[in-house]
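Worksheet for the structure shown next.
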Amino acid sequence: TARVVRSIPVPVKQPRGIVWAAGHAWVVPLLSGNNTAPHGRPGAPDHVVGVARVEGAGLNALPDRDLLAIATRPDPAKDHLVDALTRTGLGTILFGVTRRPGSDELWIPNTEALNADFTGERSFVEGQVVSNRITRVRLGTGAPAQVIDLDALAPAGERLAQPTHVAFDAAGQRAYVCGFGSERIGVLDVLPGGQVRWAGSIALTPLQSYPDGAGPRQALVHPTGRQLFVYHRLGNALGAVDLASLPSGGGPFSVVAPPPVPLGFEALTGEERHGRFLFSDARLSRSGTSSCASCHVDGHTDGLAWDLSIYLDPEGTPAGQQSFPLDDKGPLVTQSNRRLQETGPYHWRGERAGLLEFNATFASLLEHEVDGEPAGIDSFGYLMHFINNLRWPPNPRTPLDRDYTPAQLAGADLFMNKPVLGRHTCASCHQLPLGTSGEIVTTVVEGKIVSAVVPPLRGVADKLSPPHSIGGVFGTRTELGAG
């Protein structure tokens, strides 16, 4: 049996990966931010007009805690967080961490949001909103982290979108990277000088043609080195690849894996499972790099502010250089996709009455094409079915006995009964149980946005992080940047 002997708080959102090396347990969070934040005007930081990286004299950069170290001792009661070893600037969405055998390197698969590089949904080049990467960190040295740009490394047509895991052979000379959004495993060779070469790719065969999708989430090389096991998250299946059958020598190879075996019953309809696949399929973007899940990570949120206004300027125009606004929305934080069927209208401004209207985003943002023309996807109904049935997990902050404390009851009384805007209380607009009335109001925060639909409050605690004083045109935001 096992028991908890010590709980160590870590100052990050959703710790996702952990590995032991060099006397420490190394932890990466799923959400860490990317040192970007909404900014205002000189003297009016809360009049938000744009998104930018926090750089420049007199500014207090965001914490951006990407890799944390916990010193481990023979006595677990003495294990503790070592703040001085925290690493920053490793990525935006960090899916895990793997130690490369025979080295002092940690490999962290991640995506880096391009929210500060471009303004306007038509500015992103070929629908690429994130960079797909692996960040290499050498322990015990002050050497800067090295970034493996998977978008540049992969041959055309063989992208590795949303890399979620890295597995190594026993020698640490070959890496297998799960491309969750690309339905393939990328095979990388580590050369003697440390350079990384694209060796080939393994296209995964889904368990069935409908509902489609493999979704490689994790991989593991068998101790004998003969097989690579791949967990198909979307197919709820386990695949096995005979590594001896992979071509050797010559140029990069491209092979197809044999069908996987099912792992058991999954309590989802076929429509939901197929919609889940479409939600994550980066091949529906023109660049093959981005999907709905790139920002709405696992159907939730990346916690970042994006300016997806409509401009008439050419694609690729850098942020801040647009001159022809058609619909200037200003920066808005990524919203969750959970239980959307219970709320509406949609977007922060409520300008979309139903979910079907989001099909146009495949053409306008991701630049999906049919016969060379921008178009939505024919199977969007499946994606709607998936989104409508995404569940909110149980609130981990609620006591198991559901017995509210006096402080919580006092807070509920304030929420329901204390006037905060004339005669209106919080609950007048944020009506329970959804936390929204669904109405569009004109009394909103400062900035470019002049009206907004009352946002639901479910899951708002997932967005909360401590306030952080940046200074200048940024003023005070949160540690994750938004807010």
Side-chain angles (χ1 to χ4, degrees), residues 4 6-15 29-33 37-38 45-48 62-63 65 81 299-305 332-346 348-350 390-447 449 451-470 474-483:
V4 176
R6 179 166 169 73
S7 178
I8 303 174
V10 290
V12 293
K13 283 285 187 182
Q14 301 184 41
L30 179 67
L31 306 181
S32 70
D46 290 333
H47 190 91
V48 175
L62 297 170
R65 305 178 185 96
L81 187 69
H300 198 27
T301 176
D302 59 7
L304 300 178
L332 299 170
V333 179
T334 306
Q335 294 181 309
S336 176
N337 289 148
R338 293 172 178 170
R339 300 290 285 190
L340 287 187
Q341 66 177 341
E342 299 175 345
T343 60
Y346 300 103
W348 280 102
R349 303 181 303 173
L390 275 173
R391 298 290 190 264
W392 283 99
N395 188 348
R397 304 163 189 87
T398 301
L400 295 179
D401 59 7
R402 297 274 181 167
D403 190 10
Y404 294 110
T405 66
Q408 291 169 339
L409 290 173
D413 180 64
L414 289 173
F415 183 86
M416 299 295 295
N417 301 311
K418 181 178 175 59
V420 293
L421 189 65
R423 295 177 300 167
H424 298 290
T425 68
C426 298
S428 298
C429 298
H430 296 282
Q431 296 175 6
L432 299 178
L434 302 180
T436 179
S437 62
E439 297 176 334
I440 297 176
V441 298
T442 56
T443 304
V444 297
V445 297
E446 295 181 75
I449 186 170
S451 64
V453 64
V454 177
L457 295 183
R458 292 185 302 181
V460 69
D462 291 346
K463 299 181 179 180
L464 296 179
S465 61
H468 184 84
S469 178
I470 302 174
F474 293 95
T476 297
R477 303 297 177 211
T478 68
E479 288 192 348
L480 286 181

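- The OG atom of S336 lies 11.0 Å from the CG atom of D302; values are rounded to the nearest 0.5 Å.
- Within the 4.5 Å cutoff, the side chain of P406 has no heavy atoms near those of the L409 side chain.
- Under a 3.5 Å cut-off, the side chain of W348 and the backbone N or O of P455 do not form any donor-acceptor pair.
- Contact of the V441 side chain with the V454 side chain is registered, since non-hydrogen atoms from C-beta on lie closer than 4.5 Å.
- Here the closest non-hydrogen pair linking L480 and L62 is C-CD1, 4.5 Å.
- The side-chain heavy atoms of R65 and S32, taken from C-beta on, include no pair separated by under 4.5 Å.
- Contact detail for P456 and L434: the closest heavy-atom pair is CB-O, 3.4 Å.
- The shortest distance between side-chain heavy atoms of R338 and P393 falls below 4.5 Å.
- F415 places a side-chain heavy atom less than 4.5 Å from the side chain of L457.
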Given side chain to side chain contact (heavy atoms under 4.5 Å, CB included), test M416 with T425 step by step and report yes or no. CA-CA 6 Å; M416 299 295 295; T425 68; 5.9 Å; no

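- Considering every non-hydrogen atom in both R397 and N395, the closest pair reads N-OD1, 2.9 Å.
- Using a cutoff of 4.0 Å between basic side-chain nitrogens and carboxylate oxygens, E479 and K13 are not scored as salt-bridged.
- The NE2 atom of H300 lies 8.0 Å from the CG atom of L31; values are rounded to the nearest 0.5 Å.
- Residues T476 and P467 come closest through the heavy atom pair CG2-CB, 4.2 Å.
- T301 has its side chain out of reach of Q335: every pair of non-hydrogen atoms, C-beta onward, lies at least 4.5 Å apart.
- One N or O on the side chain of S437 and one on the backbone of C429 form a donor-acceptor pair closer than 3.5 Å.
- Between P45 and I470 there is no side-chain heavy-atom pair separated by less than 4.5 Å.
- Residues P38 and G481 share a closest heavy-atom pair of CD-O, 3.2 Å.
- Smallest separation of non-hydrogen atoms from I449 and S451: CG1-O, 3.2 Å.
- Taking CG of D46 as the start and CZ of F474 as the end, the distance is 13.0 Å to the nearest 0.5 Å.
- Figure legend: cation-pi geometry between R339 and W392 absent, as NZ or CZ is not positioned both under 6.0 Å from the six-membered ring centre and within 45° of its axis.
- Remark: R391 CZ is packed, more than 12 non-hydrogen atoms of other residues, nucleotides or ligands lying under 6.0 Å away.
- In this structure, L340 and T343 have side chains that are in contact, with non-hydrogen atoms separated by less than 4.5 Å.
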